[in-house]
Asks: 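Before I ask anything, here is the structure I am working with.
Only a predicted model underlies this, so the values are computations on that prediction, with no experimental measurement involved.
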Amino acid sequence: MKKFPLTLLLTALATVCSAAQPPAPYGPVPTEPQLRWQRMEWYAFMHFGINTYTDREWGYGNEDISLFNPTKFNADKVVATLKEAGMPAFIYTAKHHDGWCAWPTKTTKHNITRTPYKKGKGDIVRAWSKAAAKHGMKFGVYLSPWDRNHAEYGRPGYQKAYMQQITELLTNYGPIFEIWFDGANGGDGWYGGAQEKRNIGDAATYYRFPEVVAAIRKLQPQCIIWGAEMYGDVHWGGSEKGFVKYPCRNVTKNREGKDIWNPLEADTTINRRGWFWHPNQQTAVKPPKQLMQIYMDSVGRGANLILNIAPNRDGELDAADVASLLTFGKARRELLAKDYALHAAAQADETRGNDPAYGAEKLTDGDIETYWSPNDGTTTGTLELTLPQPETFDIVRLREQIRLGQRVRRFRIEVWQDGAWQTADAEGQSIGNQVMRQLPAPVTTDRLRVVITESDACPCLSEISLLRMPLVGDAPAVAQDSPLPAHWQQREQGVNITEFTQETSVGSIAVTPRKDGTLAGMVNRFRLEASDDGHSWHTVLETELGNLRANPIEQRVSLPAPVKAKFFRFTPTGTLEPGDIRVGGLKLYEK
């Protein structure tokens, strides 16, 4: 039998005996799919369907689906662009509220087999799925619960059809990383020709979301479920402008009032015109600087960001959208490329059981799974980093080990300047998966402190990073599309008439909803008429403005064909909720 020196045995025994036990999880914690999802940070949305051809955001359900024929559609090319931007995944709108299905579903005839695309043999969902696999990206699907085309919507027959659609998508198209259920539920629709308003009452009850979620868990256990009336895994960030409020908490309550881990996803579109592609939208693309701010106000606050970029009627991405996306993607890579705190010396005022496994050096070791923690009962802490040399940075990124829950409530950041500790940021109120705190101005120093002043349980921090915001360039300039000099006069409540000095060609109208955020009286339907003399009128456009509850922004709608006239009359025909009719602004454009 081999013998060991007594001193070596005693040292080994002391090491085993002094090893601290890990902290117990605090409150709800993420599942493994939720954890992987949160670490993705951002990915793309792609709205592409019959609305692309009708210049609408929300189709009514009676659209001529023979319009769908993207002659230049190349899924590989589009997905390669998303990958070049640095996106790890994308979600496609397989069915929007209009009910048209972009795959050969057996649940309705209102699908891609009734279109000219590939003579009815096409499958857009499969094309995206194959392209995602080819480029090593994850693929997800959006499936609207509301269906303005289906004759059985609002009745038991639709419940069966909807569950079958979910099953088809999760069975026939490989791994689905996320399935997205929108929150629009019921209202006016075609409904197989009934053309009526149908209400469904409680959405979770009508759509049978508990059963739906259970079925998804069985079909694809790793799939993240968005929404589903809080039966899913993640939920909406609260606006369609791409930001979440800070502090951002991952724990919320389900429908039964129980605390659950249910993080937020922020969503917005790269183009100000809407979620689907619209004519002349090249002038409305968000510049890279704005996209970076959106990223900081979502991912930088602990949420995920889903950024929409919509193919046009040819099935391609507009050059202006691509330019802005790729410029931002490059800037994001530059932001994350250099962590000045990596492998920096770190110390804490307390370490759990004096065990190096929970020491401050874990904050700068580049391993997201290791973490610093003090003893149970300690809910504050001071963490100090010393860099090999002074560095200039303006962003401090912090991460908690969320496998153990979200704990930190308040913290501040201090930097060593002019021989003393100076407070650089005193407003930190949550960390969670991550938080990026941008300092008021870049600082140059070799010492930094993070002071945790309040935590629900002993803090467990896995990372402190020091980053520098790059100079973000703008996409190539696009000539702005100016509105015609139309002077509107109100003749009666909501009805506005403009008179041009001479016959003028009008190709589109932009409507801004009331600007005070009030839904009562907010116009969501209107009629535009034209006249040569101001007495005899003919209708040139009658349409609906979709998605105003979630995103009350200016919407520009193209006329079926340009119209030449001297007079134009705008008449509201519907509002989101009863009330005095209000419109924030009207503009006419030549194109």
Asks: Taking the six-membered ring for Trp and the single ring otherwise, decide whether the centroids of His96 and Phe276 are under 6.0 Å apart.
Replies: yes
Asks: Verify the neighbour count for atom CD of Glu590: are there more than 12 heavy atoms of other residues, nucleotides or ligands below 6.0 Å?
Replies: no
Asks: Can you give the donor-acceptor pairs under 3.5 Å from side chains of residues 77-85 to other protein atoms, not counting sequence neighbours?
Replies:
{"from": "Thr81", "atom 1": "OG1", "to": "Lys77", "atom 2": "O", "distance (Å)": "3.1"}
{"from": "Lys83", "atom 1": "NZ", "to": "His135", "atom 2": "O", "distance (Å)": "2.8"}

Asks: Ignoring hydrogens and angles, tell me if any N or O in the side chain of Thr327 forms a donor-acceptor pair with the backbone of Ser324 under 3.5 Å.
Replies: no
Asks: Among side-chain atoms of Tyr207 and Asn185, is any donor-acceptor pair under 3.5 angstrom?
Replies: yes
Asks: For the pair Arg525 and Glu542, find out whether any cationic side-chain nitrogen is under 4.0 Å from an anionic carboxylate oxygen.
Replies: no
Asks: Please round to the nearest 0.5 Å and tell me the distance separating atom NE2 of His278 and atom CG of Asn312.
Replies: 12.5 Å
Asks: Using side-chain heavy atoms (C-beta onward) and a distance below 4.5 Å, is Val511 in contact with Leu545?
Replies: yes
Asks: Evaluate Phe328 against Met292 for side-chain contact (heavy atoms from CB on, under 4.5 Å), listing each step before the verdict.
Replies: CA-CA 7 Å; Phe328 163 67; Met292 180 61 81; 4.0 Å; yes
Asks: With heavy-atom distances below 4.5 Å as the criterion, would you say the side chains of Glu529 and Thr571 are in contact?
Replies: yes
Asks: Are Arg313 and Thr71 close enough that a side-chain donor and a side-chain acceptor fall under 3.5 Å?
Replies: no
Asks: Please test Tyr43 against Phe177 for ring-ring contact (aromatic ring centres under 6.0 Å, His included), starting from the C-alpha separation and ending with a verdict.
Replies: CA-CA 11 Å; Tyr43 32 87; Phe177 90 97; 5.5 Å; yes
Asks: With ring-ring contact (aromatic ring centres under 6.0 Å, His included) as the criterion, how do Phe526 and Phe570 come out once you've worked through the C-alpha distance, each side chain's angles and the decisive distance to 0.1 Å?
Replies: CA-CA 7 Å; Phe526 70 90; Phe570 173 89; 5.0 Å; yes
Asks: Under the criterion side-chain contact (heavy atoms from CB on, under 4.5 Å), I'd like the reasoning laid out for Asp98 against Asn51: C-alpha separation, chi angles, the key distance, then a yes or no.
Replies: CA-CA 8 Å; Asp98 53 83; Asn51 290 347; 3.5 Å; yes
Asks: Quick one: does any side-chain atom of Thr269 pair with a main-chain N or O of Gly274 as donor and acceptor, under 3.5 Å?
Replies: yes
Asks: State yes or no: are the ring centers of Trp58 and Trp146 separated by less than 6.0 Å?
Replies: yes
Asks: Does the Ser531 side chain pair with the main chain of Asp533, one donor and one acceptor, at a distance under 3.5 Å?
Replies: yes
Asks: State, with a plain yes or no, whether a side-chain heavy atom of Thr504 is found less than 4.5 Å away from one of Lys566.
Replies: no
Asks: By the definition side chain to side chain donor-acceptor pair (under 3.5 Å), identify the one residue from Asp318, Asp55, Asn271 that meets it with Trp277.
Replies: Asp318
Asks: I'd like to know whether Arg397 forms a side-chain contact (heavy atoms from CB on, under 4.5 Å) with Gln434, so could you lay out the CA-CA distance, the side-chain angles of the two residues, the decisive distance to 0.1 Å, and finally the verdict.
Replies: CA-CA 7 Å; Arg397 181 174 68 182; Gln434 72 172 309; 3.1 Å; yes
Asks: Have Glu240 and Asn547 got a donor and an acceptor in their side chains that come within less than 3.5 Å?
Replies: yes
Asks: Using 4.0 Å as the upper bound for N to carboxylate O, is an ion pair formed by Glu544 and Arg148?
Replies: yes
Asks: Looking at Glu196 and Arg198, is any side-chain nitrogen of the basic one under 4.0 Å from a carboxylate oxygen of the acidic one?
Replies: yes
Asks: Output yes when a side-chain donor or acceptor of Asp425 lies under 3.5 Å from a complementary backbone atom of Leu439, and no otherwise.
Replies: no
Asks: Scan Phe90, Phe68, Trp275 and name whichever one has a ring-ring contact (aromatic ring centres under 6.0 Å, His included) with Phe48.
Replies: Phe68
Asks: For the aromatic rings, using the six-membered ring if either is Trp, is the centroid distance between His47 and Tyr142 under 6.0 Å?
Replies: yes
Asks: Can you tell whether the side chains of Glu577 and Arg549 come within less than 4.0 Å, N to carboxylate O?
Replies: yes
Asks: Applying side-chain contact (heavy atoms from CB on, under 4.5 Å), run through Thr268 and Lys286 and close with a yes or a no.
Replies: CA-CA 10 Å; Thr268 195; Lys286 293 173 182 173; 2.8 Å; yes
Asks: With heavy-atom distances below 4.5 Å as the criterion, would you say the side chains of Leu541 and Val557 are in contact?
Replies: yes
Asks: Tell me whether the centres of the aromatic rings in Trp128 and Tyr173 are closer together than 6.0 Å.
Replies: no
Asks: Considering only NZ, NE, NH1 and NH2 on the basic side and carboxylate oxygens on the acidic side, decide whether Glu499 and Arg569 come within less than 4.0 Å.
Replies: no
Asks: Taking Trp226 as the fixed residue, which of Trp180, Phe45, Trp37 is the one that meets the ring-ring contact (aromatic ring centres under 6.0 Å, His included) rule?
Replies: Trp180
